[in-house]
Each structure stands twice: as C-alpha cells, then as structure tokens.
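Structure first, commentary second.
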Amino acid sequence: PASRLRRKRAAGMVFDLIKEKAALFNIDPALVCSRKELTLLLDSHGSADYKKSRIFKGWRNDFMQEVYKNAEAAELLL
C-alpha cells in the first residue's frame, strides 16, 4: 500500500508536468494521457508491457521529451 501511494503521488507530479507542457502547446493534457493511465503505467514499470503504452509512441513520445527533462519525471518513467 505504501508503494502504491508513492506511485500515485509520483503520477500526480508527472501529470502536473504534462499539464504545464500541454498548456504551452494549447492542448488538453488528457490527449497525452490521463492521470489514471499514468498511474497504471507507473504500476507496470519494469514489466514487458510497460513500453507498449501509447505515451511512448508517436507524437506523445515527442511531447514527453520535454517532460523527461525534469530529472524526477525521467527517473520515474524511463
């Protein structure tokens, strides 16, 4: 339960970064990924399906390059 809470908080932090970057491009952050999707992604970190998430594909991956510039976010996601 404690690690789940940490991942949920981490997802909130990363989603806040996504919202900031989305605002710069005037897009809805939910188009990049939802908070729930991000939490599930962090829960699956290290599994075989982790890199299959849409967040690592196409324009979303390009968008996320800006988010990865934040060291904490990069550590959680990569």
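Using a 4.5 Å cut-off on side-chain heavy atoms (C-beta onward), Ile18 and Phe63 make contact.
When every heavy atom of Ala11 is checked against every heavy atom of Thr39, the shortest pair comes out as CB-OG1, 3.3 Å.
Under the rule for a side-chain hydrogen bond (donor to acceptor under 3.5 Å, both in side chains), Lys57 has no partner lying at least two apart in sequence or in another chain. Scanning for salt bridge (charged side-chain N to carboxylate O under 4.0 Å, His left out) contacts around Lys52 gives Asp49, with sequence neighbours left out.
Screening residues 12-26 for salt bridge (charged side-chain N to carboxylate O under 4.0 Å, His left out) gives Asp16-Lys19 as the qualifying pairs, with residues at least two apart or on separate chains.
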Side chains of residues 25-36: which donor-acceptor partners sit under 3.5 Å, not counting sequence neighbours?
unit_1: Asp28; atom_1: OD1; unit_2: Ala30; atom_2: N; d: 3.0
unit_1: Ser34; atom_1: OG; unit_2: Glu37; atom_2: N; d: 2.9

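Expressed to the nearest 0.5 Å, how far CZ of Arg9 lies from CE of Met13 amounts to 12.5 Å.
Under the 4.5 Å side-chain heavy-atom criterion for Ile, Leu, Val, Met, Phe, Trp and Tyr, Val14 and Leu40 are members of distinct hydrophobic clusters.
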